[in-house]
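Below is one structure, written out as structure tokens, with a few remarks after it.
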Amino acid sequence: MSLKRPLRLLLLGAPGSGKGTQTSRLLKRFPQLHSISSGDMLRQEIKNESELGKLASSYIAQGKLVPDDLITKLVVTNLLQLGWLKPSATWLLDGFPRTCTQAEILDQDLYEHSAPLNMVVELDVPESVILERIENRYVHIPSGRVYNLQYNPPKVPGKDDITGEPLTKRSDDTAEVFSNRLKQYRETVGPLKEHYQKQGILSKVSGETSDIIFPKLLELIESKFGSQ
Ligand code: G5P
Ligand code: MG
């Protein structure tokens with residue numbers, strides 16, 4: 001299966017709405033697609049105890065957004081290093097941009113390389129559903145793979161399916177920090193959606209489960225970027 005033209009997609013959605021879950025499914029469905037998750041990158045920096053990781057961890061621990069300049073530099077540098085800033089590139093961003101300032105800086109960098117975002121999809125999942133997902137989430141930090149003890153448990157308890165390495169809980173998946181993250185999302189998503197609405201590239205898929213959302217997301221991508 002392949003896309004007829006380059007897809008540069010941003011997945012927007014509340015914490016726990018399934019951005020990481022949908023990303024893994026899309027990567028399996030479209031082998032030419034690659035992805036970057038700003039949250040995964042930050043967790044890796046924290047694990048590596050880098051200066052940036054140390055700076056970011058206090059924001060993440062409180063459920064606050066890390067400063068725009070810090071995250072923008074991290075993601076754009078990676079896009080450049082990966083060679084993804086070119087018109088033929090096909091990729092997906094999970095969790096970045098999160099604010100209008102981030103979106104404006106990214107737009108400028110992407111336009112300079114003739115590789116603008118061409119699709120933004122909001123994953124619309126009721127908050128009542130996502131709250132209970134988080135308690136049961138376990139992650140494999142190096143790859144960003146996510147598990148849920150009920151929904152998609154690892155094959156061997158506590159171990160990543162692919163590497164067998166240990167899974168961990170995210171430090172920001174406590175009830176208190178999670179409610180801060182949700183609040184932060186509610187406060188920032190409106191202007192961000194408006195930003196992409198004006199560019200005519202914003203769509204929304206709604207549903208209570210990732211199984212309901214995935215076929216809708218796929219249909220949307222195929223209707224605009226057509227697979228063969
Ligand atoms: P992150 O890492 O971007 P969030 O808060 O945006 O974090 P999160 O929590 O990673 O988003 P998700 O990726 O949308 O959620 O959801 P997921 O992991 O796929 O699914 C959640 C759980 O539900 C998993 O256990 C999954 O298995 C399960 N699940 C999925 N679907 C279903 C289903 O249908 N049913 C059930 N029962 N379970 C399901 O950002 C973290 C922090 O980093 C900083 C901020 O501090 C942020 O708080 N950060 C940034 N700061 C500034 N700007 C940015 N751009 C930043 N990006 C990150
Ligand atoms: Mg995620």
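First listed ligand is number 1; within each ligand, the first listed atom is number 1. The figures that follow rest on heavy atoms only: side chains count, while hydrogens, waters and symmetry mates do not.
- Within a 6.0 Å sphere centred on CD of Glu112, other residues, nucleotides and ligands contribute more than 12 heavy atoms.
- In this structure, atom 35 (N) of ligand 1 lies nearest to the protein heavy atom Tyr151 CD1, 3.3 Å.
- Within the 4.0 Å heavy-atom criterion, neither part of Tyr185 lies near ligand 1.
- In summary, the atoms of ligand 1 found under 4.0 Å from a heavy atom of Thr21, numbered by their order in the structure, are 17 (P), 19 (O), 20 (O), 26 (C), 30 (C).
- Scanning Arg137, Glu135, Gln102 for the heavy atom closest to atom 24 (C) of ligand 1 points to Arg137.
- Here Asn152 has side-chain heavy atoms under 4.0 Å from ligand 1, and that is the only part of it that gets that close.
- Of all the heavy atoms in Gln102 and Ile71, the pair that sits closest is NE2-CG2, 3.3 Å.
- The side chain of Leu42, and not its backbone, has at least one atom closer than 4.0 Å to an atom of ligand 1 (non-hydrogen atoms only; side chain from C-beta on).
- Between Arg181 and Asp173, at least one side-chain N (NZ, or NE/NH1/NH2) sits under 4.0 Å from a carboxylate O, which counts as a salt bridge.
- Among Glu208, Arg181, Gln22, the residue whose heavy atom lies nearest to atom 48 (O) of ligand 1 is Arg181.
- Ion pairing between a basic and an acidic side chain is recognised when a charged N comes within 4.0 Å of a carboxylate O; Asp211 and Arg25 show such pairing.
- Residue contacts with ligand 1 for Val129 are absent, since no atom lies close enough (heavy atoms, distance under 4.0 Å).
- Under 4.0 Å from ligand 1, the heavy atoms of Arg43 that appear belong solely to its side chain.
- Residue contacts with ligand 1: Gly16 is included, with a non-hydrogen atom under 4.0 Å away.
- Of all atoms in ligand 1, listed by their number and element, those nearer than 4.0 Å to a heavy atom of Phe96 are 55 (N).
- For the side chain to side chain donor-acceptor pair (under 3.5 Å) with Arg145, the lone residue among Thr21, Asp160, Asn152 that qualifies is Asp160.
- At under 3.5 Å, not a single nitrogen or oxygen of Val146, backbone or side chain, sits near a nitrogen or oxygen of ligand 1.
- Between Asp40 and ligand 1, not a single N/O pair is under 3.5 Å apart.
- Residue contacts with ligand 1, taken as heavy atom pairs separated by less than 4.0 Å, involve Ile71 solely via side-chain atoms from C-beta onward.
- When the heavy atoms of Lys19, Arg170, Arg145 are ranked by distance to atom 10 (O) of ligand 1, first place goes to Arg170.
- With Arg98, Met41, Gln62 as candidates, the residue nearest to atom 47 (C) of ligand 1 on a non-hydrogen basis is Arg98.
- Taking every non-hydrogen atom of Ser38 and a distance limit under 4.0 Å, the qualifying atoms of ligand 1 come out as 55 (N), 56 (C), 57 (N), 58 (C).
- Distances between N or O atoms of Lys64 and those of ligand 1 include at least one value under 3.5 Å.
- The shortest heavy-atom distance from Ser37 to ligand 1 is not under 4.0 Å.
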Could you walk me through whether Lys19 and Glu122 satisfy the salt bridge (Lys or Arg N to Asp or Glu O under 4.0 Å) test, starting with their C-alpha distance in whole Å, then the side-chain angles of each, then the deciding distance to 0.1 Å, before giving a yes or no? CA-CA 9 Å; Lys19 299 180 294 297; Glu122 178 195 3; over 6 Å; no

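- Applying the side chain to side chain contact (heavy atoms under 4.5 Å, CB included) test between Leu192 and each of Leu12, Thr99, Thr101 identifies Leu12 as the sole match.
- For ligand 1, the atoms closer than 4.0 angstrom to any heavy atom of Ser210 are 30 (C), 31 (N), 32 (C), 33 (C), 34 (O).
- At a 3.5 angstrom cut-off on N or O pairs, Pro97 does not count as close to ligand 1.
- Interface of Thr209 with ligand 1, defined as ligand atoms under 4.0 Å from a residue heavy atom, comprises 34 (O).
- Looking at ligand 1, you'll find an N or O of Gly20 within less than 3.5 Å of one of its N or O atoms.
- Figure legend: cation-pi geometry between Lys169 and Tyr138, with NZ or CZ positioned under 6.0 Å from the six-membered ring centre and within 45° of its axis.
- Look at Glu219 and Lys216 and you find no salt bridge, because none of the NZ, NE, NH1 or NH2 atoms lies under 4.0 Å from a carboxylate O.
- The CG atom of Leu92 lies 6.5 Å from the CG atom of Leu27; values are rounded to the nearest 0.5 Å.
- Of all the heavy atoms of Ala56, none lies under 4.0 Å from any atom of ligand 1, so neither backbone nor side chain is involved.
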